[in-house]
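Okay, so here's the structure we're looking at.
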Protein chains: 2
Amino acid sequence: MTGKQSEAAMPPLVLEDFIPYRLNKAAEAISQRFASQYRDEYGLTRPEWRTLATLGQFGALSATAIGAHSSMHKTKVSRAVFSLEQRHWLKRKRDEADRRTEHLELTPAGRKAYQHLATMAHGYETELFARLGERGAAELKAGLSALEAYYRQGR
Amino acid sequence: MTGKQSEAAMPPLVLEDFIPYRLNKAAEAISQRFASQYRDEYGLTRPEWRTLATLGQFGALSATAIGAHSSMHKTKVSRAVFSLEQRHWLKRKRDEADRRTEHLELTPAGRKAYQHLATMAHGYETELFARLGERGAAELKAGLSALEAYYRQGR
DNA sequence: TCTATTTAGTTGCATTTGTGACGATCTTTT
DNA sequence: AAAAGATCGTCACAAATGCAACTAAATAGA
């Protein structure tokens, strides 16, 4: 026997301690709650919400740019754009210089929905921070920043 | 003008600061890297790896227990179990007291694969911690713990 | 005891997602 | 300027996921 463990074999991996596992569960749980808000209120899917939020923040972007920024697959963006267009929440404009790309922009209706959802998002986050406590919130942000620095230029 | 902002309107929500968004992107990026390892080496899907890891850690569980522990949908577990069974990595045993439930247990082959994957997982995490730095890793863990405490007893 | 309800796990079906190929357009090379 | 290659967005198809219905078995209620 080599010390630490006595009779029972220690499991080679404790999932509750494994960072990718914990991150996934946490992300899913936290997103779920907010997702049900925009789903209940507007019937939006996650890719649709992401697209809306990205356009709301940046003004006018190509589909490719949206995907690059928010890590969504080409086709996911394409479909979300189509769906938002159906709602008349965004309109497309051909780039006259490069006629392959189209610039996507929110309509007034889209912007209005965005404003509302952004407010809900802030509310959600405020509540989250309150429950995490000053300390927990600060640690989480710092930890996420470290992670982002890692995988941003990572590998 | 009300101070802070000058000419351009501030976007109502900055995605790079929004916790659910950051968590999702981080979780996806971090998981992706490890997922490609077990995918390339064994052709495992995520639900399969999760099921394997859960059984490896806990020894023998019902499908329901696996799903509850790792937040996977019933049918996801059912299909992962089927697939692992095809590989002869686990076997089912009827519970004689309650003949609806089956106890799932890794075979020697399954255990061997698990050992290997668990080793890879540790390696991955070790490298991750190294890149995050002592500080970043500690903050991330603390932040995750705070989150877990939040959503565990949820609402 | 007989019925109604709950639980474990699977399956069919619809929805969502990713892959690969495509037409159109732009860029680079020769 | 023609040919080859890259990029933008879409679509058909295949794979993965979730939902609802189902069988079998246990439990609770009458």
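Letters A, B, ... are given to chains in the order of the sequence lines, protein chains preceding strands, and every chain is numbered from 1.
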### Task
Any chance you could list the contact pattern along nucleotides 5-10 of chain C? Use B for base contacts, S for sugar-phosphate-only contacts and - for none, protein heavy atoms under 4.0 Å, 5' to 3'.
--BSBB
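- No more than 12 heavy atoms of other residues, nucleotides or ligands lie within 6.0 Å of CD in B:Glu134, so this atom counts as exposed by the packing criterion.
- The phosphate of C:dT16 has neither OP1 nor OP2 within less than 4.0 Å of any side-chain N or O from A:Lys76.
- Rounded to whole Å, atom C1' of D:dC19 lies 7 Å from atom NE2 of B:His73.
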### Task
Output, in order, the C-alpha distance, side-chain angles, deciding distance and verdict of salt bridge (Lys or Arg N to Asp or Glu O under 4.0 Å) for A:Arg92 and A:Glu85.
CA-CA 8 Å; A:Arg92 313 179 191 233; A:Glu85 192 185 26; 3.0 Å; yes
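- Between atom OH of residue A:Tyr38 and atom CG of residue A:Leu117 there is a gap of 9.5 Å, rounded to the nearest 0.5 Å.
- Within residues 39-51 of chain B, the residues approached by DNA chain D to less than 4.0 Å at the level of any non-hydrogen atom are B:Pro47, in residue-number order.
- If you take CG of A:Asp95 and P of C:dT27, they are 10 Å apart, rounded to a whole angstrom.
- The environment of CZ in A:Arg135 is sparse: at most 12 heavy-atom neighbours from other residues, nucleotides or ligands sit within 6.0 Å.
- Follow the hydrophobic side-chain contacts under 4.5 Å out from A:Leu52 and you reach A:Phe58 in the same cluster.
- Under 3.5 Å, the side chains of A:Thr45 and A:Arg79 contain no donor-acceptor pair of N or O atoms.
- Side-chain N/O atoms of B:Glu16 and A:His69 include a donor and acceptor closer than 3.5 Å.
- At a threshold of 4.0 angstrom between heavy atoms, the contacts of B:Ala97 are confined to the sugar-phosphate backbone, with no base atom among them.
- One N or O on the side chain of A:Arg50 and one on the backbone of A:Ser70 form a donor-acceptor pair closer than 3.5 Å.
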